[in-house]
Participant: 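Got a structure for you, questions after.
Whatever order the structure lists them in is the order used to number ligands and atoms, beginning at 1. Since the model is a prediction, treat every value here as computed from it, not as a measurement.
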Amino acid sequence: MKHNPKNLNHMKDLVEKIERVSKEADVLELNTHSRSELLESVGKFANSYINNLPEADSFNHKKVAVERLKIKKETRSLPEILSVFKEEVTDIGLRAASGGHVGYIPGGGIYAAALGDFLAAVSNEYAGVSYASPGAVAIENEVINWLKDIFSFPETAVGNLASGGSVSNLIALTAARDAYGVKNEKIQKSVIYLSEQAHHCITKSLRIIGLEDVLIRHIRLDSDFKICPQDLVKQIEKDKSAGLHPFLVIATAGTTDVGLIDPLNEIAEISRQHKLWFHVDAAYGGFFILTSKKELFKGLEKADSLVVDPHKGLFLPYGLGAVLIKNAEAVLHSNQYQANYMQDAQTEDLVIDPANLSPELTKHFRGMRLWLPLQLHGVQPFIACLEEKLLLTRYLRKRLLDIGFRLGPEPDLSVSYFWYPLENKEADENEFNRKLMQAIHNDGRVFLSSTTLNGKFVIRMAILSFRTKLETIDRAIEMIADCLEEIKSK
Ligand SMILES: Cc1ncc(COP(=O)(O)O)c(C=O)c1O
């Protein structure tokens, strides 16, 4: 029946009220002209931002004028909003989209992924259950299948797209916990084996999932900071004979600090022999399996669970990690739930629904930000870009040697470290390099970060952004040499 307020005299007041607030709310539905206008402004802003990246500094210490970001009653025009966004957000701190971001673990943020996000947001597809959005869920699952193929995981494995490496690791570790029934009094006798070089999100996850009190064994590392398999075996045997309950081994394929890959094949074999869950955190390094470094990843396919981060190794903007897990039942045990209000969405095939494999119910349609770029560009440019990062790492190391730096071991991938040696053995080398790091941060042309390895302060360089090019490395060397002069002259 057509809506006619005249037929609703007994509800006149109510209808009038609805019409009044509805009119006020209408501003939320922009008309075609406004949409085009706003999109054009944002597009222009994005173009100018990206075009200026090669010249812009990668880091500065400017202070944010928080007052300008306050949410007030009065509205602002988009040009004003964009100018505040530029001055108080994108011009301050670390310019993570820049090729000059070679600290921590960068990625860059390819434009096509932003367009994928835009489409996901405009359509607001519900990527949690296939009943609501079979197409969006098919894309999520297609991305997972693509990953299974790359990492030689079986078709029966399940996976999920999460916000990043931390949540992906959380899902995997929770599945391991549930596969081995680690709860109640069993917790304090259960043992997990990992490296001091494992990312801190692993320990954080263990706390979140109630495993803070399990026994953590940090396995001895060799001089390259890789797990020593013999020590792993010895420790497992010792724990078993002490009546403990070893259940999980965690290796890293591309450590955050030094970019090294643990001996995956040997660890896989040890885990198999001792019937332990083998988890690999390949958040940073995983996609290098597509490059000339493939051999180093041997054994990864034997993992029970694996984490990779497209927002690192596939250069996506922040917000996409992935987890693959072979034991579907364990993942379902942790995450699947039947609520009355979801009864219409029930499906026979439980693993088809991303929400059944994740702590999230309503899920951002993340697959789109990877699926779209892969369709648009193909896979090959991503592989070439990773190869380029490996070569740039070699180039950087040679250039650093030329200007007198000492280097950490030959990196497996594209993270490496270095420090400036002091001839005077009495001098505090750590302090000197700390000052050098500070000078580099103050300079800001290129952003590097530091770490401490066995008490030694070192400077790291993580070459992973798709925008990091030969010129970026030359610029970094020029900057490092300038900063070195400045510190030496003090
Ligand atoms: C090896 C490794 N694992 C996990 C993480 C955490 O990932 P995210 O920051 O995406 O949560 C990182 C982040 O750098 C990492 O390098």
Participant: Any heavy atom of Gly321 closer to ligand 1 than 4.0 angstrom?
Facilitator: no
Participant: Suppose I only count heavy atoms of Thr256 and a 4.0 Å limit; which atoms of ligand 1 are within that range?
Facilitator: 1 (C), 2 (C), 15 (C), 16 (O)
Participant: Measure across Met461 and Ala476 and return the closest heavy-atom pair with its distance rounded to 0.1 Å.
Facilitator: CE-CB, 3.7 Å
Participant: Considering both backbone and side-chain atoms of Gly165, is one of its nitrogen or oxygen atoms within less than 3.5 Å of a nitrogen or oxygen in ligand 1?
Facilitator: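 Among all N and O atoms of Gly165, at least one is under 3.5 Å from an N or O of ligand 1.
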Participant: Which pair of non-hydrogen atoms, one from Phe466 and one from Lys389, has the smallest distance, and what is that distance?
Facilitator: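 So the minimum-distance heavy-atom pair works out to O-NZ, 3.7 Å.
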Participant: Considering only heavy atoms of Ala283, which atoms of ligand 1 have at least one such atom less than 4.0 Å away?
Facilitator: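 The atoms of ligand 1 under 4.0 Å from a heavy atom of Ala283 are 2 (C), 3 (N), 4 (C).
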Participant: On a heavy-atom basis, I'd like to know which of Asp281, Asp257, Thr252, Leu170 is closest to atom 4 (C) of ligand 1.
Facilitator: Asp281
Participant: Please could you name the atoms of ligand 1 that Cys201 approaches to less than 4.0 Å, counting only its heavy atoms?
Facilitator: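 Taking each heavy atom of Cys201 in turn, ligand 1 has 4 (C) under 4.0 Å.
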Participant: Is the cationic atom of Lys326 (NZ for Lys, CZ for Arg) positioned less than 6.0 Å from the six-membered ring centroid of Phe153 and within 45 degrees of its normal?
Facilitator: yes
Participant: Would you say the side chain of Asp412 lies within less than 4.5 Å of the side chain of Lys293, judging by non-hydrogen atoms?
Facilitator: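 In short, these two side chains do not touch, never coming nearer than 4.5 Å.
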Participant: Is there side-chain contact between Arg397 and Glu410, with heavy atoms separated by less than 4.5 Å?
Facilitator: yes
Participant: With heavy atoms of His311 as the reference, note each atom of ligand 1 found under 4.0 Å away.
Facilitator: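 Those of ligand 1 that fall under 4.0 Å from His311 are 10 (O).
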Participant: Heavy-atom distances under 4.0 Å are what count here, so tell me which part of Asp309 touches ligand 1: side chain, backbone, both or neither.
Facilitator: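 Side chain only; the backbone of Asp309 stays clear of ligand 1.
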Participant: Just to confirm my output: which protein heavy-atom neighbour is closest to atom 14 (O) of ligand 1, and how far is it?
Facilitator: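 For this ligand atom, the closest protein heavy atom is Lys312 CE, 3.2 Å.
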Participant: In the protein, what heavy atom is nearest to atom 11 (O) of ligand 1, and what distance, to one decimal place, separates them?
Facilitator: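 In this structure, atom 11 (O) of ligand 1 has Ser166 OG, 2.6 Å as its nearest protein heavy atom.
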Participant: Any side-chain heavy atom of Ser98 sitting closer than 4.5 Å to one from Phe59?
Facilitator: no
Participant: Could you tell me if Ser334 and Asp178 have a donor-acceptor pair between their side chains, going purely by distance under 3.5 Å?
Facilitator: yes
